[in-house]
Asker: 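Following this message is one structure expressed as structure tokens.
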Amino acid sequence: EVQFVESGGGLVQAGGSLTLSCAASGFTFDNYAIGWFRQAPGKEREGVICISNTDGSSEYGKFVKGRFTISGDYARGTVNLQMNNLEPDDTAVYYCAADPFGGTWFPGCDPSEYDYWGQGTQVTVSS
């Protein structure tokens, strides 16, 4: 059974930092595209950072502005999102996702191309 387990969300003051983690079970990220997405109330889901595990192609949300980084042990099926200098507009539910065909054709941060999704973790940034 394919599963994602996310952790690391919470409440933080503006200017603070959080690290989100995602662990896959039942598969690893070899030859996948991996992405972090977020969805705020009343808004569409948007890509935060998406990468290809094959050639390193990547796409960043315009709001990232160097504040967030993605890392992980993809062969072991773990991926992290380090978020620094958080702003109240970063408040959202954050999801990790994977596209098993993303190593062949990188889909960028198009959420419709990602087949596997975590349950989401809430990030709340207070002003």
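Atom set for the values below is all heavy atoms of this structure, side chains included, hydrogens, waters and symmetry mates excluded. These numbers were taken from a predicted model, which means no experiment stands behind them.
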Asker: Minimum heavy-atom separation for Phe106 to Ala33, with atom names?
Answerer: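 Answer, listing the atom of Phe106 first, then Ala33: CD1-CB, 4.1 Å.
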Asker: Would Val125 end up clustered with Trp36 when hydrophobic side chains under 4.5 Å apart are linked, directly or stepwise?
Answerer: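 Same cluster: Val125 reaches Trp36 through Ile, Leu, Val, Met, Phe, Trp or Tyr contacts under 4.5 Å.
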Asker: Which atom names give the shortest non-hydrogen contact between Gly35 and Tyr114, and what distance separates them?
Answerer: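 Where Gly35 meets Tyr114 most closely, the heavy atoms are N-CE2, 3.8 Å.
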Asker: Any chance you could measure Thr54, atom OG1, to Asn31, atom CG, to the nearest 0.5 Å?
Answerer: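 That separation rounds to 4.5 Å.
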Asker: Among pairs that include at least one residue of residues 45-60, which meet salt bridge (Lys or Arg N to Asp or Glu O under 4.0 Å), considering only residues two or more places apart or in two chains?
Answerer: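 Listed once each, the pairs are Arg38-Glu46.
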Asker: Report the distance from atom CG of Leu86 to atom OG1 of Thr91, rounding to the nearest 0.5 Å.
Answerer: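 The CG atom of Leu86 sits 8.5 Å away from the OG1 atom of Thr91.
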Asker: If we ignore hydrogens and angles and just use 3.5 Å, is the side chain of Asp110 paired with the main-chain N or O of Pro107 as donor and acceptor?
Answerer: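 Flag not set: sc Asp110 to bb Pro107 has no pair under 3.5 Å.
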Asker: Answer yes if Leu18 and Tyr60 sit in the same cluster of Ile, Leu, Val, Met, Phe, Trp and Tyr residues linked by side chain heavy atoms under 4.5 Å apart, and no otherwise.
Answerer: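 Hydrophobic grouping puts Leu18 with Tyr60.
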Asker: Would you give the length of the straight line joining atom CZ of Phe68 to atom OG of Ser17, rounded to the nearest 0.5 angstrom?
Answerer: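 Going from CZ on Phe68 over to OG on Ser17, the span is 9.5 Å.
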Asker: Do Met83 and Val93 share a hydrophobic cluster (ILVMFWY, side-chain heavy atoms under 4.5 Å, transitive)?
Answerer: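 Met83 does not cluster with Val93.
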Asker: Minimum heavy-atom separation for Cys109 and Pro111, please, with both atom names.
Answerer: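 Smallest interatomic distance, heavy atoms only, reads O-CD, 3.1 Å.
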Asker: I'd like to know if the side chain of Asn53 reaches the main chain of Phe29, judged simply by a donor and an acceptor atom lying under 3.5 Å from each other, with no hydrogens or angles considered.
Answerer: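 Yes.
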Asker: Using a distance-only test with no angle check, is there a side-chain donor-acceptor pair under 3.5 angstrom linking Asn80 and Thr19?
Answerer: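 No, no side-chain donor-acceptor contact under 3.5 Å.
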Asker: Rounded at 0.5 Å granularity, tell me how far CD in Gln82 sits from OG in Ser21.
Answerer: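 Nearest 0.5 Å value for the CD-OG distance: 9.5 Å.
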Asker: Ignoring hydrogens, what is the shortest heavy-atom contact between Ser127 and Ala14? Give both atom names and the distance.
Answerer: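 Closest approach of Ser127 to Ala14, heavy atoms only: CA-CB, 4.3 Å.
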Asker: According to the interplanar angle, ranging from 0 to 90°, do the rings of Tyr95 and Trp117 count as parallel (below 30°), tilted (30 to 60°) or perpendicular (above 60°)?
Answerer: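 Plane angle over 60°, so perpendicular.
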Asker: Return the minimal non-hydrogen interatomic distance between Ser52 and Gly103, and the atom names on each side.
Answerer: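 Between these two residues, the closest heavy atoms are OG-CA, 4.2 Å.
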Asker: Which distance, rounded to the nearest 0.5 Å, do you find between the CH2 of Trp105 and the OG of Ser57?
Answerer: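 Rounded to the nearest 0.5 Å, the CH2-OG separation comes to 11.5 Å.
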Asker: Check whether any side-chain N or O of Glu6 sits under 3.5 Å from a backbone N or O of Gly120 as a donor-acceptor pair, and report yes or no.
Answerer: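 Yes, Glu6 side chain to Gly120 backbone: donor-acceptor pair under 3.5 Å.
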Asker: Can you name the residues that form a salt bridge (charged side-chain N to carboxylate O under 4.0 Å, His left out) with Asp73, not counting sequence neighbours?
Answerer: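 For Asp73 the salt bridge (charged side-chain N to carboxylate O under 4.0 Å, His left out) partners, ignoring immediate neighbours, are Arg76.
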Asker: Between Ile51 and Tyr32, is there a shared hydrophobic cluster once you connect ILVMFWY residues whose side-chain heavy atoms come closer than 4.5 Å?
Answerer: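 Yes, it is one cluster - the side chains of Ile51 and Tyr32 are joined through contacts under 4.5 Å.
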Asker: Supply the atom-to-atom distance Ile34 CD1 to Cys96 SG, rounded to the nearest 0.5 angstrom.
Answerer: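 Rounded to the nearest 0.5 Å, the CD1-SG separation comes out at 9.5 Å.
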Asker: Treating Thr121 as the side-chain partner and Gly9 as the backbone partner, does any N or O pair qualify as donor plus acceptor under 3.5 Å?
Answerer: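 Judged by distance alone, yes, a pair lies under 3.5 Å.
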Asker: Should Phe37 and Tyr94 be regarded as members of a common hydrophobic cluster, given that ILVMFWY residues are connected when their side-chain heavy atoms come within less than 4.5 Å of each other, either directly or indirectly?
Answerer: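 In one cluster: no.
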Asker: So for atom CZ, which belongs to Phe101, do other residues, nucleotides or ligands contribute more than 12 heavy atoms lying within a distance under 6.0 Å?
Answerer: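 Check fails, neighbour count at 12 or below.
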